[in-house]
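Let me begin by presenting the structure, written as structure tokens, before commenting on it.
Within every chain, numbering begins at 1; the chains are lettered A, B, ... in the order of the sequence lines, protein sequences first and strands thereafter.
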2 protein chains.
Amino acid sequence: MATEAVENYLKAILTLSQESDAADATITRIAAVVGVTPSTATTMVKRLDRAGLARYERYGAVRLTAKGRRAASDVLRRHRIVELFLVQIVGLDWSEVHAEAERLEHAISPRLLDRLDEMLGRPRSDPHGDPIPDADGRSDHARPGPITACAPGAHAAVARVLDQGAEFLQFLARAGLTPGTRVAVVAIDSIAGSITLKPEGRTALTLSLPVAQRILVTPAF
Amino acid sequence: MATEAVENYLKAILTLSQESDAADATITRIAAVVGVTPSTATTMVKRLDRAGLARYERYGAVRLTAKGRRAASDVLRRHRIVELFLVQIVGLDWSEVHAEAERLEHAISPRLLDRLDEMLGRPRSDPHGDPIPDADGRSDHARPGPITACAPGAHAAVARVLDQGAEFLQFLARAGLTPGTRVAVVAIDSIAGSITLKPEGRTALTLSLPVAQRILVTPAF
DNA sequence: TCTAGGAGTTTGATGAGTCAAACATTCCGC
DNA sequence: GCGGAATGTTTGACTCATCAAACTCCTAGA
Ligand SMILES: [Mn+2]
Ligand SMILES: [Mn+2]
Ligand SMILES: [Mn+2]
Ligand SMILES: [Mn+2]
């Protein structure tokens, strides 16, 4: 089994390379996600290479091997199932489960994971709308787009939120912008850099475009 | 926060010194419980001393300080609440939760722990009958005794099982010897070194005395 | 094309955690 | 009370994970 640190790096590399839009998994970015200095990340990435989990060449982007991708996928699966379990069964708030899952993801056995998965009815996404890779490491490919790409007047359903920050999540919940909610795009003001949204059954609110970009939606009718 | 290793040592020292009957927490015993060599345990116990968590003198028994006892108590509380949660809510078998809790006990936040404790109704003992220290670190003092100390013909209730081994626990469950069950002591043969028990509603069975000693009971009527 | 500053690397250090092997002490059984 | 077995300690070595500081490389803009 990989150490806790190795699992965290793998997860960081996977999310950087496949979740962020075309952003390479560079040393500095990996370091930022994991929360270490770039020199530390360089050292660790070399270890991942030696272990056959990643490919690394000096000054180049880091890529996972099939083995590394598989291992990273497993960590992501554990993380997200744990998050959903904590919200659904234990009753924690969606703003606090990320930090909790960050540690628990390393301590869950396959047996326990499967039990949680079963209790939750084999879910496909976590409380933030992040897709849960299946037990074979395959992940959903349907990618929702940022609400800022919607035309004014359009309706959409919140699919996913790309920011795990507790305050942001609490703000969204108060505004009614949680995954599954229908929302109308009232107006987009590119000069002011703002977007006005009206979640179904709630009062309208205005967000800055960079912030709103972290809210992904699927078109609705 | 203490590291995972430190927490494991603290827990080992606490259980050795207060759970086992008058058995000192010696280096070799600590090493055996934690699963390391005695030389490693020596090194670590010195660190615990430096950190103010234990008192250590060469060739002497290791004792926890108040601070160390408190920290160890917290680990034990987490361990046992997690075990009960896994049996009661998640539905795992009492023979598999110990290994699981051994890792999870280091990854549970105070917030999550309290939530689990609340879901379980503030329990006082875990699936094996081990007492759960309260949030202030205090632990039950009522100590049940080994069933081997009962007089032949006596009735008792299983209170606690001192062996976390999966096979032993599965055996006990099949025999009907789980905490809370009433059991009659049919006979004790000190020559053969065996004891015959009849759990309520089950068929009688014979155990060796050393094995039976790990089953603690409270007298019943 | 040159170059400044950002990105990445190397080096040297540290602490945690571990082991094996050699050594020291303690404690029992005779 | 002695000597060997059990127990505990020290030493030297190793991996993992991390940082700061000094260095190197790369590239985008002047
Ligand atoms: Mn993590
Ligand atoms: Mn999530
Ligand atoms: Mn543990
Ligand atoms: Mn237990």
Side-chain angles (χ1 to χ4, degrees), chain A residues 1-14 16-17 20 22-64 67-68 71-72 75 102-103 105-107, chain B residues 1-14 16-17 20 22-64 67-68 71-72 75 102-103 105-107:
Chain A
M1 267 297 110
T3 65
E4 187 162 332
V6 164
E7 290 192 337
N8 285 334
Y9 281 93
L10 290 175
K11 187 158 61 94
I13 296 167
L14 183 70
L16 278 173
S17 44
S20 301
D24 278 344
T26 63
I27 289 289
T28 307
R29 278 197 273 244
I30 295 168
V33 172
V34 176
V36 297
T37 63
S39 69
T40 301
T42 301
T43 306
M44 179 56 100
V45 165
K46 284 177 182 169
R47 260 213 291 283
L48 297 181
D49 188 309
R50 262 203 294 103
L53 293 164
R55 277 312 167 72
Y56 164 71
E57 342 170 18
R58 272 149 61 264
Y59 301 106
V62 180
R63 283 156 307 120
L64 293 177
K67 188 177 158 201
V75 182
E102 199 54 59
R103 294 185 313 277
E105 63 187 357
H106 312 291
Chain B
M1 267 300 108
T3 65
E4 188 162 330
V6 164
E7 289 192 339
N8 285 334
Y9 281 93
L10 290 175
K11 186 158 62 92
I13 297 167
L14 183 70
L16 279 172
S17 44
S20 303
D24 276 344
T26 64
I27 289 289
T28 307
R29 277 198 274 244
I30 294 168
V33 172
V34 176
V36 296
T37 62
S39 69
T40 301
T42 302
T43 306
M44 179 57 101
V45 164
K46 284 178 182 171
R47 260 215 290 285
L48 297 180
D49 187 308
R50 263 204 295 104
L53 293 165
R55 277 314 166 74
Y56 165 70
E57 343 171 15
R58 272 149 63 264
Y59 302 105
V62 180
R63 283 155 305 120
L64 293 176
K67 189 177 158 198
V75 182
E102 199 54 59
R103 293 185 315 277
E105 64 188 357
H106 312 290

| said: Less than 4.5 Å apart, side chain to side chain, heavy atoms only: is that true for N8(A) and H106(A)? | reply: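 Heavy-atom side-chain distance check passes, below 4.5 Å.
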| message | Check this for me: does the side-chain of S39(A) come within 3.5 Å of the base of dA20(D) through a donor and an acceptor? | response |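 Counting by modelled atom types and ignoring angles, a donor-acceptor contact under 3.5 Å is found here.
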| For the base of dA17(D), is there a side-chain donor-acceptor partner from T43(A) under 3.5 Å away? |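 Result: no qualifying N/O pair found.
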Look at the side chain of [X] and decide which nucleotide, out of [options], has an atom nearest to it.
| X | options | value |
| --- | --- | --- |
| R58(B) | dC16(D), dT9(D), dA20(D) | dT9(D) |
| V36(A) | dC19(D), dT9(C), dC19(C) | dC19(D) |
| Y9(B) | dA16(C), dT18(C), dT9(D) | dT18(C) |
| R50(B) | dC16(D), dG8(C), dA16(C) | dA16(C) |

| query | In chain order, what residues pass the salt bridge (Lys or Arg N to Asp or Glu O under 4.0 Å) check against R55(B), with sequence neighbours excluded? | reply |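 Listed in chain order: nothing, the list is empty.
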May I ask you to verify if any side-chain N or O of [X] is less than 4.0 angstrom from the OP1 or OP2 atom of [N]?
| X | N | answer |
| --- | --- | --- |
| K46(A) | dT10(C) | yes |
| T40(A) | dC19(D) | yes |
| T42(B) | dT9(D) | yes |

| query | Between P38(A) and Y59(A), which has a closest nucleotide on DNA chain D that is more 5'? | reply |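 The residue mapped nearer the 5' terminus is P38(A).
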Measure [atom1]/[X] against [atom2]/[N] and give the value in whole Å, please.
| X | N | atom1 | atom2 | answer |
| --- | --- | --- | --- | --- |
| M44(B) | dC19(C) | CE | P | 11 Å |
| E7(B) | dG17(C) | CD | P | 11 Å |
| L10(B) | dA16(C) | CG | C1' | 15 Å |

| task | Before accepting this row, confirm whether a basic side-chain N of the pair R103(A)/E4(B) lies closer than 4.0 Å to the acidic partner's carboxylate O. | result |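 Answer for the salt bridge query: no.
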| said: Checking S39(B) against T37(B): is there a side-chain donor and acceptor pair closer than 3.5 Å? | reply: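 Per modelled atom types, T37(B) and S39(B) side chains form a pair under 3.5 Å.
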